Number of protein chains: 4
Amino acid sequence: MPKISEEKRRARQAQILEAATRCFARDGFHHTTMEEVVRESGLSPGAIYCYFRSKQEMVEAISAVRHARDQALLDELASAASLRKGLDRLALALVRMLEDAKEKQRRKVSIQFWAESLHDARIRKVAERGLRQRGGLTAALRTAQRSGELPAGVDVESLSRVLFALFQGFILQQAWEPGLDSGAYVRTAMALIKGILSKAAPAPRRKAAKAVTGLL
Amino acid sequence: MPKISEEKRRARQAQILEAATRCFARDGFHHTTMEEVVRESGLSPGAIYCYFRSKQEMVEAISAVRHARDQALLDELASAASLRKGLDRLALALVRMLEDAKEKQRRKVSIQFWAESLHDARIRKVAERGLRQRGGLTAALRTAQRSGELPAGVDVESLSRVLFALFQGFILQQAWEPGLDSGAYVRTAMALIKGILSKAAPAPRRKAAKAVTGLL
Amino acid sequence: MPKISEEKRRARQAQILEAATRCFARDGFHHTTMEEVVRESGLSPGAIYCYFRSKQEMVEAISAVRHARDQALLDELASAASLRKGLDRLALALVRMLEDAKEKQRRKVSIQFWAESLHDARIRKVAERGLRQRGGLTAALRTAQRSGELPAGVDVESLSRVLFALFQGFILQQAWEPGLDSGAYVRTAMALIKGILSKAAPAPRRKAAKAVTGLL
Amino acid sequence: MPKISEEKRRARQAQILEAATRCFARDGFHHTTMEEVVRESGLSPGAIYCYFRSKQEMVEAISAVRHARDQALLDELASAASLRKGLDRLALALVRMLEDAKEKQRRKVSIQFWAESLHDARIRKVAERGLRQRGGLTAALRTAQRSGELPAGVDVESLSRVLFALFQGFILQQAWEPGLDSGAYVRTAMALIKGILSKAAPAPRRKAAKAVTGLL
DNA sequence: TATGAATGAGATTTCATTCAT
DNA sequence: TATGAATGAAATCTCATTCAT
């Protein structure tokens, strides 16, 4: 059967998306022509349109991939036994991410999606999944509050926004200044957050500990 | 020579920039055609090209205006006598800003400039002025550190980044969710920052107070 | 006012439609590219899109013009005092039409619209107006039948179809063989039709004569 | 060599042509893509190109088939012993044809060939065979004239054109209005033609009868 | 022969910009 | 200065055709 295997098909799709992502990171997707994607991917216009019905659809696919990565970053931390530990894992993951030069480039594409989501309904829909994800974080913070790890007076809704902001602002600044000291940033941000955690961490009783699981 | 007065010239320019900003906030500037700006401004294509040599130049002019506003927001706080007081003023100014629906719309344009600055050299140049501005904030924090208001262990460079991030992330989240509780966000963010200020604020000697001036 | 006058606007539109019609007659509209229309019209692509939103819209405009001419041809005969006289006028008009070489070319475009109307809803709609026009012819024949000019046994619905067919078939054959003897064709066709008219034309009483007015 | 039998080859070819004809009747051949023909035929692009070197060649093949059918329609009547009888057989054959819904669809394709023949040299060539066929009809009419069945004053060249026109116009009208009363049309058309036949049919002598053979 | 992914020339359309008025 | 019709380079996308398998 000369029909391409599902595996090959995925590989081609990835080839296109990666080429396009490189172009987008370099020039922005409004300045990237299909011809450039064609050149960068080493394929032909027709081939690309075998996999994506339009440039727009390709952009959306990349948007979805980008958001999935952001989500993975936070999800990876969900298994922490406590807020404190979760934060430590988040810090570690962030720093690790920054070591990947490719990923650094891709972050630029994420920022373009922020802008695009403000007027493109389809991109917005993808972005909104990320917003819902913050709901999960808020819930986790609430649990931490019940377990005593977080003082009762803290507004968990706002705190989750603050945590997101620290992440988003960092992405942005790093795109502008690739050489920034990310370790220092993460440490300082962590210090800030830990500053409002309850001074004496509660004796993490089994139950409480469990509740916090899947937290941040 | 039918040269119009300088005053009229400025008025026309403002008329164009405001129309363009409305279009850009609504549709993004890559989806905004000159024809739309023409329609929104009530002028003619030729007239617009009397005031701006290209769409790009118009975009740059708006970019400059946007960044000037951001700067003003921070500059307004520069006259505080201490970090603590500066933060309070910043908080106040932020909340005030959010009450202006028009300004809310314009924020969307700022986000587009973030994206655009990643590959457009001219826009980037404007954005970089904003980055340099952070240098001022860092210096101010350093002064606060010397005065004892900020513990010696804090990395002021990172802290200024964190403060910027809190601002940027907020802008972004507010663009996505216009109804978010900005008061709560600002309070929580402030609580975080104040959490790392020295427990006992130093007697703000005149000299120290002065140093903090022009701070945040 | 540099705004173009309505007159000039119409002239430009005509310029485009005529250029396009020449192309269509020569190459068929599926083989005619916009670039060719551009060349033939002496304008630029953009100029054409100032007057027509798409190639399709341009085709429709021409279709409407074509059908209007066909209609005019029949309408011109509507003022005859009797069926017999109406037929004579039709014959004359047909022959006259065939002397115009340009019109001869345009007939080719009409035939293309016949084909196109079979699957293009918009073109079909225009063609259907032509069909409705046959209704008028049928009514006129019925009047002639009442007045005794046409024998009672004749099915007027079918007869109007036959008259249309004689017209359509002629258009087609003339497109294939531009040199055909149109006078002879018309004479023969007329002889056929007159062959079924009542042998003794009824005394055309005023009333009857009037009724026939607006006939064929 | 994996050469398939001639029989299979023909079957495949027919399969393709039938699928293509369905597509062409439905959408017109300019709007029909090879992909659609592929889908409709159940084959693959490559397979189709085994049997036809190009879309054009496929179109030509269908054109030839269409014209052969038209010819057959007239040829079938060629064995009549007199013009009058021949016309009766033609009438019968026409009505019979109209009962076949498939054939009705295919007529639409014929109309497209009329249009296409106006600028496509290859299609034109096929159409011209149809024109030559009219020559045969003219000759037959001339024979009928000699035999006295047709009055001497009739221009046989024109009459054959008229007969063709009645056929062509009917095809066209039926494509537009599939529900038209074809029986009535045929009866009326026949009445018209018979109206100019010699009142008293000549004693059809053997010779004359033979001459008329192959007539209409 | 048959497959179908891939090709790439070429079509339509857009839109920032110009220039005669 | 101001107008707006016109320009034309360039972008997206299509689809008849090919060719490695």
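Keep in mind it's a predicted model, so treat the numbers as computed, not measured. Convention: sequence-line order gives letters A, B, ...; per-chain numbering from 1.
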Exercise. For A:Glu35, look at atom CD and say whether over 12 heavy atoms of other residues, nucleotides or ligands are found less than 6.0 Å away.
Key: no
Quiz item: Between A:Glu128 and A:Lys125, is there a side-chain N and carboxylate O pair less than 4.0 Å apart?
Solution: no
Quiz item: Are A:His119 and B:Arg26 close enough that some pair of their side-chain heavy atoms sits under 4.5 Å apart?
Solution: no
Exercise. Look at B:Glu57 together with B:Arg122 and state whether they make a salt bridge at an N to O cut-off of under 4.0 Å.
Key: no
Quiz item: When all nucleic acid strands are considered with a 4.0 Å heavy-atom cut-off, which category describes C:Phe52: base, sugar-phosphate, or nothing?
Solution: nothing
Quiz item: Who does F:dG4 pair with, Watson-Crick or G-U, both distances under 3.5 Å?
Solution: E:dC19
Self-check item: Whole-Å distance separating the CZ atom of A:Arg9 from the P atom of E:dA5
Solution: 7 Å
Exercise. Using atom types as modelled and distance alone, determine if a side-chain donor or acceptor of B:Glu116 lies under 3.5 Å from a backbone N or O of B:Ile123.
Key: no
Practice problem: Please examine the side chains of A:Asp120 and A:Gln56, heavy atoms only from C-beta on, and report whether any two atoms are closer than 4.5 Å. | Solution: yes
Quiz item: Atom CD of C:Gln15 and atom C1' of F:dA5: how far apart are they, to the nearest Å?
Solution: 13 Å
Quiz item: Base, backbone or nothing for each nucleotide of nucleotides 8-14 of chain E, written B, S, -, heavy atoms under 4.0 angstrom, 5' to 3'?
Solution: BB-SSBB
Self-check item: Length of the line joining A:Gln13:CD and E:dA6:P, which is rounded to integer Å
Solution: 11 Å
Practice problem: Would you mind reading off the distance between D:Glu60 atom CD and F:dA16 atom C1', rounded to a whole angstrom? | Solution: 15 Å
Quiz item: With ring centroids as reference points, do B:Phe24 and B:Phe113 lie under 6.0 angstrom apart?
Solution: no
Quiz prompt | Atom-pair distance (CD on D:Glu7; C1' on E:dT1), nearest Å | solution = 17 Å
Quiz item: Under 4.0 Å between a side-chain N or O of B:Arg12 and OP1 or OP2 of F:dA2?
Solution: yes
Self-check item: Rounded distance (Å) that lies between atom P of F:dG4 and atom CD of B:Glu36
Solution: 18 Å
Quiz item: Within this structure, what is the NZ-to-C1' distance between A:Lys8 and E:dA6, rounded to whole angstrom?
Solution: 13 Å
Quiz item: Can you check the B:Ile48 CD1 to F:dA5 P distance for me, whole Å?
Solution: 15 Å
